K.L.:
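Here you go, one structure.
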2 protein chains.
Amino acid sequence: MSTASVDRRTRRRQQTIDEILDVSIALMETEGVAALSLSAVARQLGMQPPSLYQYFPSKLAIYDALFQRGAEQFRDAQRKAVADVPVEQQLAHGIAAFGRWCMANQVLSQLLFWRTVPGFEPSPEAFAPALEVMADVQSHLQEAVESGRLREGAASEDGLALLTSMTAGLLSQQLANEPQASFEDGRYMKLIPVVLEMFFHHYAPTRGTAT
Amino acid sequence: MSTASVDRRTRRRQQTIDEILDVSIALMETEGVAALSLSAVARQLGMQPPSLYQYFPSKLAIYDALFQRGAEQFRDAQRKAVADVPVEQQLAHGIAAFGRWCMANQVLSQLLFWRTVPGFEPSPEAFAPALEVMADVQSHLQEAVESGRLREGAASEDGLALLTSMTAGLLSQQLANEPQASFEDGRYMKLIPVVLEMFFHHYAPTRGTAT
DNA sequence: GTCTATAACGCGATAGAC
DNA sequence: GTCTATCGCGTTATAGAC
């Protein structure tokens, strides 16, 4: 067996895996994240349900692959948004990119930020890119502190928790109440600049209360 | 058939309905909200699964009853928390009560604040008490505006959305990351006073930016 | 080896007859 | 209230096709 044929097979296999994930996302969009059905996926692909087990050992493994895919895409979108942007605007751009990505990838967002699929817990491997994003945000905060744009506590655990909770809260409300809206015209997404302003105000270097 | 016997039957029926709901909540606590199984409920009650259909027309109807129950309990907890409290502390007490109730009733909170059960949408009847709570909060905000403790915009749609998003965000993070914590020692619940402070700061009467 | 199909098991929600 | 029956699900075992 030639090396080329191995490659071709590997490529074809990866392609099938991607198709399975694509179809899964599409189905979850219409049926709900927790309502993913392997039979439905197989039908869409013209396969029999057991054939899927050549590619994933279980339904939860598909969720895990989707989680990882989502976390990687999310991380890359974040990084792209803050690249080539003046340091003092990185937080604002990053958070806007967060909102934009979430509204464009609602299914993946639900998987990443809520934990609502019974029995599913992301593997450490799938979770890793999500941790990277957290580290990125914290380093942006740290930078803002060191350059004097924010007070000490902003880069603390509480500061990070506050920032992520406020933005995740807007997202939560947006997805629960107005899921069909776009990032630009969502009632809650519109408030993203406001909470960022509140955050900067709370951790303003010269005044405000310690946390 | 005597009136008494009708009463007794009605009472007994209501009792069974309550038992079904209680068992459902208990099962969702261990298995996940979306993993509720009628068969499991029936087993716990020593019934056959089809017998449940004497009390609820479908599984989604059970979710709806739980939603309504949760919304009513939530509303009552809110109202009890703000009763007999000085007007200027009602918002703080109400929000603390929100956090406390949610952590003590996580299953119902998920049902109320996220929409993660495939195919479930609360009926208007079940949703009504939730709307009452919103109206209560808005009236508290309005009161704060009229008494000069908050600026005009605080009681607007955006103000209400901001306040609920920030608190719901903390809850979301708490439930997703540290569900086993209590209200008192949860990393995110601890920040509830902070976001309230940020809110008051943002809508302070004398200064701040318009929203 | 790698992929796919068929058959079968156990479980779930639910409809209907009793 | 039950029992029976139908249907769809995730999953496993097994056997044939590339």
Side-chain angles (χ1 to χ4, degrees), chain A residues 1-21 23-28 30-67 111 116-121, chain B residues 1 5-6 8-21 23-28 30-67 111 116-121:
Chain A
M1 179 186 300
S2 74
T3 308
S5 84
V6 171
D7 280 357
R8 205 161 352 109
R9 249 216 322 264
T10 307
R11 208 168 37 239
R12 184 160 158 54
R13 182 178 165 77
Q14 186 57 48
Q15 195 179 332
T16 307
I17 288 178
D18 286 340
E19 276 175 26
I20 292 172
L21 296 181
V23 168
S24 298
I25 291 178
L27 286 174
M28 288 193 281
T30 64
E31 304 297 321
V33 171
L36 177 63
S37 147
L38 293 194
S39 307
V41 172
R43 265 195 300 276
Q44 287 269 325
L45 292 171
M47 278 180 170
Q48 294 301 318
S51 302
L52 293 174
Y53 284 76
Q54 283 289 327
Y55 304 94
F56 294 98
S58 74
K59 188 174 160 178
L60 290 182
I62 294 186
Y63 280 116
D64 202 57
L66 288 172
F67 188 101
L111 216 48
T116 62
V117 178
F120 170 63
E121 196 128 20
Chain B
M1 179 185 301
S5 84
V6 169
R8 207 164 345 113
R9 246 212 329 257
T10 307
R11 209 167 36 241
R12 183 155 161 55
R13 181 178 167 78
Q14 186 56 48
Q15 196 178 333
T16 306
I17 288 178
D18 287 340
E19 275 174 27
I20 292 172
L21 296 181
V23 168
S24 297
I25 292 178
L27 285 174
M28 288 193 282
T30 65
E31 304 297 321
V33 171
L36 177 62
S37 147
L38 293 194
S39 307
V41 172
R43 266 195 299 276
Q44 287 268 325
L45 291 172
M47 279 178 170
Q48 295 301 316
S51 303
L52 292 174
Y53 285 76
Q54 289 289 326
Y55 304 95
F56 294 98
S58 75
K59 189 174 159 177
L60 290 182
I62 294 187
Y63 280 116
D64 201 56
L66 287 172
F67 188 101
L111 217 49
T116 63
V117 178
F120 170 62
E121 197 128 18

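For the numbers below, each heavy atom of this structure counts, side chains included, while hydrogens, waters and symmetry mates do not. Since the model is a prediction, treat every value here as computed from it, not as a measurement. In the text below, chain A, chain B and the rest are named by the order of the sequence lines, each starting its count at 1.
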K.L.:
How is A:Phe56 classified with respect to the nucleic acid when contacts are heavy atoms under 4.0 Å: base, sugar-phosphate, or nothing?
P.N.:
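No contact.
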K.L.:
Do the side-chain N or O atoms of A:Ser58 get closer than 4.0 angstrom to the phosphate oxygens (OP1, OP2) of D:dG10?
P.N.:
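No, A:Ser58 has no side-chain N/O under 4.0 Å of OP1/OP2 on D:dG10.
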K.L.:
Measure from CG on A:Leu27 to P on D:dG8 and round the result to the nearest Å.
P.N.:
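Rounding to the nearest Å, CG of A:Leu27 and P of D:dG8 are 16 Å apart.
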K.L.:
Taking atom CD of B:Gln14 as the centre, report whether more than 12 heavy atoms of other residues, nucleotides or ligands fall under 6.0 Å from it.
P.N.:
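Enclosed.
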K.L.:
Within this structure, what is the CG-to-C1' distance between A:Leu60 and D:dT11, rounded to whole angstrom?
P.N.:
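Atom CG in A:Leu60 sits about 12 Å away from atom C1' in D:dT11.
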K.L.:
Take A:Asp18 and A:Gln15, measure what side-chain contact (heavy atoms from CB on, under 4.5 Å) needs, and give me the verdict at the end.
P.N.:
CA-CA 5 Å; A:Asp18 286 340; A:Gln15 195 179 332; 5.7 Å; no
K.L.:
With a 4.0 angstrom cut-off to heavy atoms of chain A, pull out the first and last contacting nucleotide of DNA chain C, in 5'-to-3' order.
P.N.:
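The contact span of chain A on DNA chain C goes from C:dT2 to C:dA7.
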K.L.:
With a 4.0 Å cut-off on heavy atoms, is A:Leu36 in touch with a base, just the backbone sugar-phosphate, or nothing at all?
P.N.:
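It contacts sugar-phosphate atoms only.
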K.L.:
Rounded to the nearest 0.5 Å, what separation is found between the CE atom of B:Met47 and the CD1 atom of B:Ile20?
P.N.:
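One finds 5.0 Å between CE of B:Met47 and CD1 of B:Ile20.
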K.L.:
Would you mind reading off the distance between A:Lys59 atom NZ and D:dG10 atom P, rounded to a whole angstrom?
P.N.:
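To the nearest whole Å, that distance equals 5 Å.
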K.L.:
Has A:Arg43 got a side-chain N or O lying under 4.0 Å from the OP1 or OP2 atom of D:dC9?
P.N.:
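Answer yes for this pair, as a side-chain N or O of A:Arg43 is under 4.0 Å from OP1 or OP2.
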K.L.:
Nearest whole angstrom, please: distance from the C1' of D:dG10 to the CG of A:Leu38.
P.N.:
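Result: 6 Å.
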K.L.:
When all nucleic acid strands are considered with a 4.0 Å heavy-atom cut-off, which category describes A:Gln54: base, sugar-phosphate, or nothing?
P.N.:
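Here A:Gln54 touches the bases of the nucleic acid.
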K.L.:
Between B:Tyr63 (side chain only) and B:Val33 (backbone N and O only), is there a donor and an acceptor less than 3.5 Å apart?
P.N.:
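It does hold such a pair.
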K.L.:
Go nucleotide by nucleotide along DNA chain D from the 5' end; which of A:Pro49 and B:Leu52 gets its closest nucleotide reached first?
P.N.:
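Between the two, 5'-proximity favours B:Leu52.
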K.L.:
Starting at CG of B:Leu52, measure out to CD1 of B:Ile62 and round the result to the nearest 0.5 Å.
P.N.:
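Those atoms lie 6.0 Å apart.
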